[in-house]
Amino acid sequence: MLLMPMKLSHPLQKSQMQLPSVKTWEYILSNCRKKRSLAYALRLNTYSGMCGVLANNYIGSLLVSLLVEVGCTETAQHVFDRLADANDCAWNALIIGYARALETERTFILYKKMQALTLQTSTYAYVALLKICSRMKDMDRGHQMHSDVVDRGLGQDPFVGSTLIGMYAECGFLEKAKNVFDKLPTKDAVAWSTLIAANVKNGNEEEALNLLAKMQMQGVIPTAAALVCALKACGCLGDSKKGQEIHADIARLGLLAIDTDIGNSIVYMYATLGMLAIAQEVFAALDVRDRFSCTALMTGYTEHGHSEDALALFDCMQLETISQDAVTFICALTACRNLQDSEKTQEIHVEVARRGFIHKDVNVGNVLVDAYTACGWLAKAVEVFESLPVRDVVSWTVLISGFTKCNEGERALQKFERMEQEGIVPNSHTYVCALQACGSIEEEEQGQVFHAEISRKGLLDSDVFIRNAVVGMYANCGLFAKARELFDQFKIHDTVFWNILISGYLKHNCNMQVLDSFREMQNENTKPNSVTYTYVLKGCALLGAVWDGQRVHSDIARVGLTEDFDIGNTLVDMYCIWGLLPEALQVFKLLPERDAVSWTTIIAGYVRNGYMEDALDSFDQMLNEWFSPSAMTFACVLKACSVLALKGRGQGIHTGICIYYPLELDSVVRNALIDMYARCGLLKDAERVFVQLPVKEAASWNALIAGYSQTGKNDQMLCLLDQMIKSEQYPDVISFIGILTACTHMGLVEQGILFFRAMSEDYGILGNLEHLTCVVDLFGRAGQLSNGMLLIQKMPRHPNLVTFHTLLSSSRREGNMDLGLELFVHAIEVDEGNTGTYVTLFNIYVGAGD
DNA sequence: TTAGGGTTAG
């Protein structure tokens, strides 16, 4: 009666009134193992308890094995506990069950008990035990297992052997893996494949390819796994020739049809090698295009500058309902990161959140944080980061790197501190980012602490990135002696290493050292690249080293780098800085392609050299050619409007910025707007922009001060100065130009002198020639010519033409012919060809004649 | 029972 609803098969039904015999049980249980029916196994378990068959150790042990096989390890454990004396099979089965469920500790406790009872561990159980060591990368236990296996006489078993090779490879002990392989009496295809995989896994791709050749020479037919690994090795090595050979072999032997992994691996290999056309061709010919082949192709696109295509393929997958998993989303987000596409990032963010990937896979969260920081959207990146259930060292590194890239070095270092407090150990990637943060904010003390830590951990010599980052940190902090000392310690100086040193010199305006290092680099026979050339050109530009700059220009032409975007733009900039506009224009016109930076450079060049109309014309042309102006472009054209006092044009540009580029309204643009409005006399508009500033920098105050000063609103200027000081924003070099100019216009000689003194005494600012000239003007306009002359004679700096002209004009106004003549002689000494000097002297005589 | 595919940070 009890058995009727259970619908068991006939041997049991026949003998309903009797308890089944041991033989019958054995038959039923083995039948059930063949069927692997969970429901059937559980019913048998219930029934066995009721009919007392567990008193029989053999049958009980069989039931344990059955329950493990259908995945009910816990139930198997219950049966096992009720057995008086479970046999080896039951023990082995339980070990396998726990190992499969990744219950490491329970597995090993059971194993130890089993050994204490001197029961025989099966090869199956050893394979399971070794796999768990491999999975946990537990080398200590793995090693123990290896010696137990040998003691047990299973050292030459092919299954155990291959598993041992895999275990050592997973733990990073390639030599030990090879030893196991060498000791195997018969090396089957799986053993070869495992050793090939072991080499690929441990970065020994060349050996992997050698092994494939050896395997074939010994007449062992490569398995799909071996071919997949070999293709991966070709991709890693960048060996397209070997890759194509293997591809041809696979095609010839018709292996593509036997295994989809092979086709996918071919796509991946070509994608990694950047041979995207062939990758696409193989992909198109695949019988099945699944998420693996699609993601493989997407990887190729993102790694070789075609992130748009990666996203297009990603969208295609959705249209064709090809399943997508976490890895697919990681690839798509990498593409978003490369393209700095905040909209698509957000779209994918919604999708990965909906599907729970952010919580299931830390890598998805990591790449999402990275994508948001690349878009400059730090708030969003932090929001994702804080919401992550688990944060690994990559999560922290991405965040630290993001802060540094967004010029938030200090916050980057705060995150580093928090990371350590949370017990995450930084690796070399993390240190590189932290050192960059130190360099960016010139936090030399912390940088030195990191340097010491890195040395202590032995990371300094292990990694070229670390080496570069440490030297870069010192160079960026301006600690050149230290940077140079370390630089010299490392014997190999590649181009990147030189560039790091040179960029530090450039950042700190040590332009002579830029040129010296460039020469030294060439003496060492290290070839400069486009990055080196841009640094050196900038150094020449700032140094006014025309001869050197032109020589570097011809070197660049000789090595055929004139078509490089960055170099072309830097050349234009260099000639503009020197005031050689025809040369700048010639380079600009010959650029094979122009970008927004090229246009901005030429516009800035016009502004710098006083060609304001040309600057505005170029701006119109830039817009006509559909280039997007940057904050820098707007700052330049607003300056042009400001100098030309083009109210309407300036207002038009302001409107345009607000409509089309709201994000461009950064502090540089806002300050330029204040300057433009102030100089055009639209002080109300200038004040409106000023009031709206979230942070008022010295430049913002200066723009308004200069505006008030130039339009004669001197009282307002003094009032603003007062506010500036109260807001704890101290006036700087430029502020004092505005202040002194205002005093000159107001004829406030005493007040002006007081400000001039306060500049050095109260604010510690060393006045330059421009300030001194302002004071000369202050005296001159107030009719105090002799004071002006006295100042000129006692100046700590050599006066220039402007200084002499300033007092010469005052002499004309005052009709002081003697002083005028004296100043004329000085002015001629400075520049005898300046017509202005002669005109002013002429006017003095004309005035005297009247 | 053993081996193999697409993934993130400097």
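Lettering follows sequence order; numbering is per chain, from 1. Please read these numbers as outputs of a predicted model, since none were measured by experiment. Below, all heavy atoms of this structure are taken into account, side chains as well, without hydrogens, waters or symmetry copies.
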remark   = Leu256(A) CG to dG4(B) P, in whole Å, measures 20 Å
key: Nearest-Å distance for atom pair CG/P, residues Leu231(A) and dG6(B)   = 11 Å
task = Using a heavy-atom cut-off of under 4.0 Å over every strand shown, decide if Thr328(A) touches base, sugar-phosphate, or nothing.
result = base
query = Under 4.0 Å between a side-chain N or O of Tyr168(A) and OP1 or OP2 of dA3(B)?
reply = no
request  = Could you state the atom-to-atom distance from CZ of Arg467(A) to P of dG10(B) in whole Å?
outcome  = 18 Å
key: Heavy-atom neighbours of Glu417(A) CD exceed 12 at 6.0 Å   = no
ask   = Does any N or O donor sit under 3.5 Å from an N or O acceptor when you compare the side chain of Asn427(A) with the base of dG10(B)?
value = no
No-hydrogen, no-angle side-chain donor-acceptor test under 3.5 Å, Asn204(A) and Asn202(A) = no
Atom-pair distance (CG on Asp157(A); C1' on dT2(B)), nearest Å = 9 Å
inquiry  = Nearest 0.5 Å, please: how far is CD in Gln436(A) from NZ in Lys405(A)?
reply    = 8.0 Å
message = In whole Å, I'd like the distance from the CE atom of Met145(A) to the P atom of dT2(B).
response = 18 Å
message = With a cut-off of less than 4.0 Å, is there a side-chain N or O of Lys232(A) near OP1 or OP2 of dG4(B)?
response = no
inquiry  = Mind checking if Ala197(A) touches a base, just sugar-phosphate, or nothing, with heavy atoms under 4.0 Å?
reply    = sugar-phosphate
note = Side-chain contact check for Thr334(A): nearest option of dG4(B), dT8(B), dT2(B) is dT8(B)
task = Report yes if a side-chain nitrogen or oxygen of Ser265(A) is closer than 4.0 Å to either non-bridging phosphate oxygen (OP1 or OP2) of dG6(B); otherwise report no.
result = no
message = Looking only at the side chain of Asp261(A) (C-beta and beyond, no hydrogens), which of the listed nucleotides dT7(B), dG10(B), dG5(B) gets closest?
response = dG5(B)
inquiry  = With a cut-off of less than 4.0 Å, is there a side-chain N or O of Arg100(A) near OP1 or OP2 of dT1(B)?
reply    = no
ask   = Using a cut-off of less than 4.0 Å, is there contact between a side-chain N or O of Lys131(A) and OP1 or OP2 of dT1(B)?
value = no
message = Counting only side-chain heavy atoms from C-beta out, which of dT2(B), dG4(B), dG10(B) sits nearest to Lys201(A)?
response = dG4(B)
request  = Determine the interplanar angle of the Phe357(A) and Phe329(A) rings, folded into 0 to 90°, and report it as parallel if under 30°, tilted if 30 to 60°, perpendicular if over 60°.
outcome  = tilted
task = For Asn468(A) and dG10(B), give me the distance from atom CG to atom P, rounded to whole Å.
result = 14 Å
ask   = Which part of the nucleic acid, if any, lies within reach of Val394(A) when heavy atoms closer than 4.0 Å are counted: base, sugar-phosphate only, or nothing?
value = base
ask   = Is there aromatic stacking of Phe465(A) against dG10(B), centre distance under 5.5 Å, plane angle under 30°?
value = yes
No-H, no-angle donor-acceptor pair, Asp325(A) side chain to dG6(B) base, under 3.5 Å = yes
Whether Phe159(A) stacks on the six-membered ring of dT2(B) base, 5.5 Å and 30° limits = no
query = At under 4.0 Å between heavy atoms, what does Arg337(A) touch on the DNA or RNA strands: base, sugar-phosphate, or nothing?
reply = sugar-phosphate
inquiry  = Given dG6(B), dG10(B), dA3(B), identify the nucleotide with an atom nearest to the side chain of Arg291(A).
reply    = dG6(B)
ask   = Name the one of Glu205(A), Lys178(A), Glu206(A), Glu207(A) that satisfies side-chain contact (heavy atoms from CB on, under 4.5 Å) with Asn199(A)?
value = Glu207(A)
inquiry  = I want to verify a distance call: between dT7(B), dT1(B), dA9(B), whose nearest atom is closest to the Val393(A) side chain?
reply    = dA9(B)
message = Just the rounded figure in Å: distance from C1' of dA9(B) to CG of Asp370(A).
response = 6 Å
message = Given dT2(B), dT1(B), dG4(B), identify the nucleotide with an atom nearest to the side chain of Thr123(A).
response = dT1(B)
query = Which part of the nucleic acid does Thr295(A) contact within heavy-atom distance under 4.0 Å: base, sugar-phosphate only, or nothing?
reply = base
key: Base dG4(B) paired with Asp259(A) side chain (donor-acceptor, <3.5 Å)   = yes
request  = State whether Tyr126(A) and Arg152(A) meet the cation-pi test: NZ (Lys) or CZ (Arg) under 6.0 Å from the six-membered ring centroid, and within 45° of the perpendicular axis.
outcome  = no
key: Polar side-chain contact Thr223(A)-dG4(B) base: donor and acceptor under 3.5 Å   = no
ask   = Between Ile266(A) (CD1) and dG4(B) (C1'), how many Å, whole number?
value = 13 Å
message = Heavy atoms only, 4.0 Å cut-off, all strands: where does Ser428(A) land among base, sugar-phosphate and nothing?
response = base
ask   = Crowded around Asp182(A) CG? As in, over 12 foreign heavy atoms under 6.0 Å?
value = yes
